[in-house]
Amino acid sequence: MNAKLQEALATLKHGTVDIIPEADLVKKLEKSAKIGKPLCVKLGLDPTAPDIHIGFGVVLHKLREFQDLGHTAVLIVGGFTARIGDPSDRSSTRRMLTKDEVEANLRDYKRQAFKILDPNRTEFRDNSEWLEHLDFAKLLELTSRYTVAGMLEREDFSKRFKEGSPISIIEFMYPLAQAYDSVAVQADIELGGTDQRFNLLIGRAIQERYGQEPQVCVITPLLEGIDGVKKMSKSIGNYVGIDEPPNQMFGKLMSIPDVLIEKYVKLVTNLDWNTLNNEHPKIQKEKMACAVIARYHSQAAAEAALEEFERVFSRKERPTGVQKAYLEKALLKNNETVRIVDLISATGLVKSKSEAKRLIEQGAVEVDEVRIDSFEADVPFKEGVLVKVGKKMFAEVYLR
RNA sequence: GCAGGGAUACUCAAGCGGCCAAAGAGGGGGGUCUGUAAAACCCCUGCCCGUGCGGCUACGCAGGUUCGAAUCCUGCUCCCUGCACCA
C-alpha cells in the first residue's frame, strides 16, 4: 500500500462506525487508482424529507470525501418507493406528489445537497428508472435470491416475528428494492447510517447473487436529535436543517443536552474536541453552534447569530429583525387601547384565543417589556409595539 | 369462511349509563431558577365568549334506547388475533 492510498484510507475511515469489509475497500481503491476509473459511491435519499438536516450532513460530508478523492457520488432518489408509500407509518395517508412537485422538491434538495457535495462528481438517479420496469417474473427472480431467514436476521423483524406481531411482506420488499438499486447502478460502495446497516448488507448479498462484485458498506454514526434521545429526524421534528436561518440554528443547537456536546462537536463540526474539552459547557455549545453555522452559512453569520442570542436570551434585550403583524383598526378602543387578547391573537403567534388567555395567565406575555397579568387587561397601543410570547416569540404590531 | 378482540384528544392508553372536555404516560407549551431555548422544580395542554358551578364541538361512521350515552342496542367501515383453507 502506498502512502497516498494509506492517507486516503485514513481519511475515509475517520468518523465511521464500521467499514464492511475494510479489506475490500482497499482493493477497490487500489483498482480504481490503477485503471483510472472512479468508484461509484451510492447513497440513498429519503424522499419524504426534503429538508436535509445536519445528521444527514454527516453522511454527505463522508460522501464529499470520496468525491475529493476523485470518486463519483450516486444519489438514489426513491421516486418509486415514495409513491408506494411506507406501511410502517400506517395511519398517515401520504398524498401522492405530482411530477412537478417531485421535480421542485428535487431541485430544492440538490440546492441543499450541493452545499456539501461537489456537483461535478454527483449523479442523481431516480429508482423508478429501473423499478418501474421490474415485472413480476423479474421480481420473483429477485425474491428468490434472498431468504426469509436472512430477513429475520434483522432484529426488528425477528422480534416482531417471535411476538406474533404482523410483518407484511412489503416490508421484506423494501430492503430488496434498495438492494436492487445497488445492482442497477453497480455500486462499489454504499454509505449509510447505522440504522441502514442491515439494508446495506442485503445490497451486498444481492449484488453478489447477480454476479456483481459486492459493494463495500460504509457505516456512519447516527446523530441524536436536539431532544437528546431519538435519532435526528424530520418526522420527529428534533432536527436542525442545514438550510435553516442562522439564528434558529443557533437556538436549537444551544438547547441540546450537555451530554451530547462532545458528539455534536465531533460529528458536525471540524473543531478539535481536545481544545474544547475543558471549557465551560456553555462555551462549548456556543463554539459548536458557531462552527455549524459557519459551515452552512458563513463565519459572519455565525458571529451575528451568537451576538443576537446573547442580546435576546442573556441580556433580555430587544431582538433585531422581529416579524411584523397587523391589527384591525376596529379593535382599537378610544383610538388608544386594545384588549390584550386581541393584540396577542393579531400577532399570529398563538393558535387560538384560548391559548392566548392561557399564556397570559401563565405570565408568558410581555408588551413593550411589561408583563401582562390578566387576560382582561387593556393595553395602550402604539405603532410597532413589541409583543413577546414565551421566551422566544416576538412580533411588532402595526395598525391595518 | 368460522370464532374472538379492538377503533378514545398530537401519540400511546384508561374509562364501560350521570360526578367526563374525558385518568395516566409521552410529546408540546409556560413559569421559576440558571450557565442557555441545558438540568431541576412547579404549572398548563379542545374551541368560543370581557369568565360563568357559561356556551359549543368532540370518544371509527350512521341510526336507536334513555330524563341522560365515550359507555347499552342495531347496522356499516376498518384493523388485529386464533382456527380452517393453501395452488
**Message:** Counting only side-chain nitrogens and oxygens, does K353(A) get under 4.0 Å of the OP1 or OP2 atom of rC49(B)?
**Reply:** yes

Between protein and nucleic acid, restricted to nucleotides 85-87 of chain B and to nitrogen or oxygen atoms under 3.5 Å apart, what atom pairs and distances do you find?
none

**Request:** Write down the distance separating the C1' atoms in rC59(B) and rA7(B), rounded off to the nearest Å.
**Result:** 10 Å

**Fill in**
Whichever of M249(A) and A377(A) has the more 5' nearest nucleotide on RNA chain B, that residue is M249(A)

**Prompt:** Does R358(A) make a side-chain N or O approach to OP1 or OP2 of rC47(B) shorter than 4.0 Å?
**Reply:** yes

**Message:** Would R209(A) pass as a cation-pi partner of Y146(A), given that its NZ or CZ must be under 6.0 Å from the six-membered ring centre and within 45 degrees of the axis?
**Reply:** no

**N or O in side chain of S352(A) less than 4.0 angstrom from rC48(B) OP1/OP2** = yes

**Prompt:** Below 4.0 angstrom from OP1 or OP2 of rC48(B), is there any side-chain N or O of S354(A)?
**Reply:** yes

**Complete:** Taking for S255(A) and for K351(A) the nucleotide of RNA chain B with the nearest heavy atom, the one nearer the 5' end belongs to S255(A)

**Asked** Are any of the side-chain nitrogens in E262(A) or K266(A) under 4.0 Å away from the carboxylate oxygens of its partner?
**Response** yes

**Request:** Any chance you could list the contact pattern along nucleotides 20-26 of chain B? Use B for base contacts, S for sugar-phosphate-only contacts and - for none, protein heavy atoms under 4.0 Å, 5' to 3'.
**Result:** -------

**Prompt:** Can you tell me how far P in rC33(B) sits from the matching atom in rA25(B), rounded to whole Å?
**Reply:** 26 Å

**Asked** Which pairs count as ring pair (Phe, Tyr, Trp, His ring centres under 6.0 Å) when at least one residue sits in residues 260-283 of chain A, sequence neighbours excluded?
**Response** none

**Prompt:** At what distance, to the nearest 0.5 angstrom, does CD1 of I116(A) lie from CZ of F114(A)?
**Reply:** 11.5 Å

**Request:** Return yes when atom CD of E307(A) has more than 12 non-hydrogen atoms of other residues, nucleotides or ligands closer than 6.0 Å, and no otherwise.
**Result:** yes

**Request:** Between rU8(B) and rC61(B), how far apart are the P atoms? Round to whole Å, please.
**Result:** 10 Å

**Message:** With hydrogens left out and only the distance checked, is there a donor-acceptor pair under 3.5 Å joining N238(A)'s side chain and the base of rG27(B)?
**Reply:** no

**Asked** Under 3.5 Å, is there a donor-acceptor pair linking the side chains of T72(A) and E123(A)?
**Response** no

**Residue pair Y296(A) / V292(A), side-chain heavy-atom distance below 4.5 Å** = yes

**Prompt:** What distance, rounded to whole Å, do you find between the two C1' atoms, one in rG6(B) and one in rU71(B)?
**Reply:** 15 Å

**Message:** Would you measure the distance from the C1' atom in rG55(B) across to the matching atom in rG17(B) and give it in whole Å?
**Reply:** 24 Å

**Between E65(A) and T11(A), a side-chain donor and acceptor under 3.5 Å** = no

Atom pairs, N/O to N/O, protein against nucleotides 28-31 of chain B, distance under 3.5 Å?
from: rG29(B); atom 1: N2; to: Q362(A); atom 2: OE1; distance (Å): 3.3
from: rG30(B); atom 1: O2'; to: Q362(A); atom 2: O; distance (Å): 3.3

**Request:** Drop me the distance from E244(A)'s CD to D51(A)'s CG, to the nearest 0.5 angstrom.
**Result:** 7.5 Å

**Separation between the C1' atoms of rA70(B) and rA22(B), rounded to whole Å** = 8 Å

**Prompt:** In the hydrophobic clustering (ILVMFWY, side-chain contacts below 4.5 Å, transitive), which residues join L349(A), or is it alone?
**Reply:** L327(A), L331(A), L332(A), V338(A), I340(A), V341(A), L343(A), I344(A), V350(A), L359(A), I360(A), V365(A), V367(A), I372(A), F375(A), V379(A), F381(A), V385(A), V387(A), V389(A), M393(A), V397(A), L399(A)

**Separation between the C1' atoms of rA40(B) and rG60(B), rounded to whole Å** = 42 Å

**Complete:** Base-pair string, RNA chain B, Watson-Crick plus G-U, cut-off 3.5 Å on both distances, | for inter-strand, is ((((((((.[[[..)..(.....]]]((((((.......))))))((((..).)))...[[[[[..)....]]]]])))))))....

**Asked** When the C1' atoms of rG26(B) and rA9(B) are considered, how many whole Å apart are they?
**Response** 14 Å

